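Just so it is clear, the model here is predicted, and its values are computed rather than measured. Below, chain A is the first sequence line, B the second, and so on; all start at residue 1. Basis for what follows: all heavy atoms, side chains included, without hydrogens, waters or symmetry-related copies.
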2 protein chains.
Amino acid sequence: MFETIIEKIREHVTLSDDDAALLSTYLEVRKLRKNQLLVEPPYPANAEYFVVKGCLRHYFLDETGVEHTTAFAMEGWWMTDLQSFFTGAPSKYHVEALEEGEVIKLRRELKDEMFNKIPALNIYFRILYQNAIISQNERILNALSTTADERYLRFVKKYPALENRVPQYLIASYLGITPEFLSKVKTRIAAKKS
Amino acid sequence: MFETIIEKIREHVTLSDDDAALLSTYLEVRKLRKNQLLVEPPYPANAEYFVVKGCLRHYFLDETGVEHTTAFAMEGWWMTDLQSFFTGAPSKYHVEALEEGEVIKLRRELKDEMFNKIPALNIYFRILYQNAIISQNERILNALSTTADERYLRFVKKYPALENRVPQYLIASYLGITPEFLSKVKTRIAAKKS
DNA sequence: ATCCTTCAATGAACTATGTTAAGGCGCCAT
DNA sequence: ATGGCGCCTTAACATAGTTCATTGAAGGAT
C-alpha cells in the first residue's frame with residue numbers, strides 16, 4: 001500500500017524494512033475527487049499530503065475573488081499549506097485536487113513521535129524543506145527579474161509534464177499573468193521558432 | 001562577545017549557560033568593511049553569518065550585468081547563500097556588506113557536531129528555516145499578484161528601518177522595478193495621501 | 001444529434017512599467 | 001570654492017501586460 005512513498009524516501013535516506021513497516025502505521029490513504037479541497041481557509045492545515053496519483057494545486061484567493069496559484073504537486077511530491085502547518089495558525093491558502101487521485105496523509109500531531117521512533121526521517125524532511133527553500137528562492141528571482149515569455153519558457157522546460165496536464169489559465173495564474181496574455185506569449189514564441 | 005546571538009537564540013529555545021558557553025566555541029567574530037563580500041560566486045558559501053552590527057545584501061548578478069537584490073539582513077538576522085550552503089555547490093548569489101559592521105560566522109563543517117552537542121539548536125535552526133519558507137512564500141505571492149505600488153507600501157510597512165538605511169536603487173532592485181519607476185511610485189503615493 | 005459549459009485564441013483600448021536622456025542636489029577630494 | 005561623482009527626480013516615449021468583448025473548438029449531459 002505504501003510502496004511508492006517508501007521508495008521515494010529511500011532515494012534520500014536509508015530506511016530499514018522494520019522502519020518502513022513502522023512508518024506505515026503513521027500514514028493514511030485518502031482517495032480524492034476532482035476539485036476536492038485538502039486545505040481550506042480558515043481551517044488549519046493539520047497534515048501533509050504525499051501525492052500517489054493525481055495532481056494538486058496550492059493557491060491564494062484574494063479579496064477581489066481572484067485565485068493566485070502558488071504551487072502544483074504531482075506524483076511523488078509532498079504538499080500542504082506549510083505556513084499553517086508549521087505555525088498551527090488558520091490557513092490562508094487552499095490546496096485542491098485538480099484530478100481524481102490518491103494521497104497519503106501524514107498528520108501533524110503524529111510527526112514528532114514518528115521522528116523519535118524513526119530518526120532517519122528527520123533527515124528526509126530536512127532535505128525536503130531545504131529543497132523548498134532553494135526552489136522558492138529561484139522562483140522569487142524569476143518573478144522579479146524576468147519577463148513573462150521567459151518565465152513561461154522556464155516553466156515548460158522545468159515541468160513539461162504539467163504543461164500538458166493542467167489547464168492553461170492555471171499555468172497563467174502560476175506565472176502571474178492573465179490567461180489572455182499567456183495565449184499571446186505562446187503565439188509569439190511559436191512565431192519566433194520559425 | 002556573543003551576548004547578542006545568545007539572547008536572540010533564547011527568544012526561541014531554552015539554552016543553559018553551559019550550552020551557551022559551548023556554543024561560543026563554534027563561533028567566530030568577523031569585522032566587515034563597506035562593500036566587502038561574504039559570499040562570492042563561484043566559491044561555495046561555507047558558513048552562515050549572524051549580523052551583530054551593519055546591513056547585508058543577497059543578490060544575483062545576471063548575464064547582462066544587472067544585479068537583482070533578493071534579500072537584506074540587519075542586526076539579529078542570519079544570512080548566507082542557502083542554496084550553496086545546503087548543497088555545497090558553487091554559489092550563484094553574492095552576499096555583500098552595505099555598511100561597515102560585524103558578523104558572527106558559523107562554519108558549515110562544524111554544524112553537525114554542534115547540533116550533536118547542543119540539541120536545542122536543532123530546534124532553533126529548524127524554526128529559522130521554517131520562517132524562511134513562510135516569508136518566501138509570501139514574497140512569491142506578492143511578486144506575482146500585486147502592483148509595484150503595493151509591493152512598495154508593504155515593504156515600507158514591514159521593514160521601516162530598511163527604508164531609511166539602504167539606497168533607493170537597491171530597494172527598487174528588491175521590489176523588481178527600476179529606480180526611476182520607484183521614484184514615480186513614491187511621488188504617486190505621496191500625491192494620494194493629500 | 002443538440003445544447004450547454006469550459007477553455008483557448010484574438011483584437012482593440014487601456015494601464016503599468018521600462019528606457020533613455022537630462023537636470024539637480026549633496027558629498028567629498030582637491 | 002570648485003569640480004566631479006553618485007544618487008534621486010522628472011519627462012517623453014516605448015514596451016509589457018490587462019481588460020473586455022467576441023469567436024470557435026472540444027467534451028459532457030440530455
Side-chain angles (χ1 to χ4, degrees), chain A residues 33-35 55 57 59 62-69 72 96-100 140-156 162-194, chain B residues 33-35 55 57 59 62-69 72 96-100 140-156 162-194:
Chain A
R33 312 178 297 282
K34 184 171 178 176
N35 298 324
C55 188
R57 171 179 163 245
Y59 69 91
D62 76 16
E63 326 73 42
T64 71
V66 178
E67 297 177 355
H68 303 276
T69 302
F72 295 107
E96 173 199 52
L98 293 178
E99 317 166 351
E100 56 177 33
I140 290 171
L141 180 62
N142 262 311
L144 292 174
S145 74
T146 76
T147 176
D149 291 48
E150 205 168 328
R151 294 206 298 279
Y152 173 68
L153 285 171
R154 289 191 194 183
F155 175 83
V156 173
L162 276 174
E163 164 68 3
N164 301 307
R165 191 163 176 181
V166 312
Q168 211 160 294
Y169 68 94
L170 290 184
I171 294 176
S173 157
Y174 178 86
L175 296 175
I177 59 180
T178 59
E180 293 91 339
F181 191 61
L182 176 53
S183 181
K184 221 171 288 188
V185 164
K186 287 179 71 174
T187 65
R188 185 160 53 205
I189 288 172
K192 262 184 204 162
K193 278 191 183 164
S194 58
Chain B
R33 313 178 299 281
K34 185 171 177 173
N35 298 325
C55 189
R57 172 178 163 247
Y59 69 90
D62 75 15
E63 325 72 42
T64 70
V66 178
E67 297 177 357
H68 303 276
T69 302
F72 295 109
E96 171 200 53
L98 293 178
E99 316 166 352
E100 58 178 30
I140 290 171
L141 180 62
N142 262 309
L144 293 174
S145 74
T146 76
T147 175
D149 291 49
E150 205 168 328
R151 293 207 298 279
Y152 174 68
L153 286 171
R154 290 190 194 183
F155 176 81
V156 172
L162 276 175
E163 163 69 5
N164 301 307
R165 193 164 175 180
V166 313
Q168 213 158 293
Y169 68 93
L170 289 184
I171 294 177
S173 156
Y174 179 84
L175 296 175
I177 59 179
T178 60
E180 293 89 343
F181 190 60
L182 176 52
S183 183
K184 213 176 293 186
V185 165
K186 286 179 71 172
T187 65
R188 186 161 53 203
I189 287 173
K192 264 185 202 162
K193 277 191 183 167
S194 58

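Counting heavy atoms from C-beta outward, B:V166 and B:C55 have side chains that approach closer than 4.5 Å.
Heavy-atom nearest nucleotides on DNA chain C were determined for B:V185 and for B:E180, and the one closer to the 5' end corresponds to B:V185.
Judged by distance alone, with hydrogens and angles left aside, the side-chain atoms of A:T69 form no donor-acceptor pair with the main-chain N or O of A:S173 at under 3.5 Å.
In this structure, the CZ atom of A:R188 is 14 Å from the P atom of C:dA9, given to the nearest Å. Taking atom CD1 on B:I189 and atom P on D:dT9, their separation rounds to 12 Å, with Å as the unit. Distance A:I177 CD1 to D:dA16 C1': 11 Å, rounded to the nearest Å. Nucleotide C:dC28 holds its P atom 10 Å from the NZ atom of B:K34, rounded to whole Å. One interatomic measurement links the two molecules: CG of A:L144 to C1' of D:dG17, which rounds to 16 Å at whole-angstrom precision. Distance, A:Y169 OH to D:dT19 P: 17 Å, rounded to whole Å. Atom NZ in B:K186 sits about 10 Å away from atom P in D:dT10, given to the nearest Å. Nucleotide C:dC7 holds its C1' atom 15 Å from the CG atom of A:L98, rounded to whole Å.
Of the candidates C:dT17, C:dC7, D:dT10, the closest approach to any side-chain atom of B:T187 belongs to D:dT10. Listed nucleotides: C:dT10, C:dG18, D:dG17. Nearest to the side chain of A:D149: D:dG17. Among the nucleotides D:dC20, C:dT17, C:dA21, the one closest to any side-chain atom of B:F181 is C:dT17.
Residue contacts shown for A:K184 include a base, since a base heavy atom lies under 4.0 Å away.
When all heavy atoms are compared, the tightest approach of B:Y174 to A:L144 is O-CD1, 3.4 Å. Looking at every heavy atom in both residues, A:R188 comes nearest to A:D149 through NH2-OD1, 2.8 Å.
For A:T178, no side-chain nitrogen or oxygen approaches OP1 or OP2 of D:dA16 to under 4.0 Å. The side chain of A:Q168 places no N or O atom within less than 4.0 Å of a non-bridging phosphate oxygen (OP1 or OP2) of C:dT6.
Remark: A:E180 does not engage A:K184 in a salt bridge, criterion side-chain N to carboxylate O under 4.0 Å.
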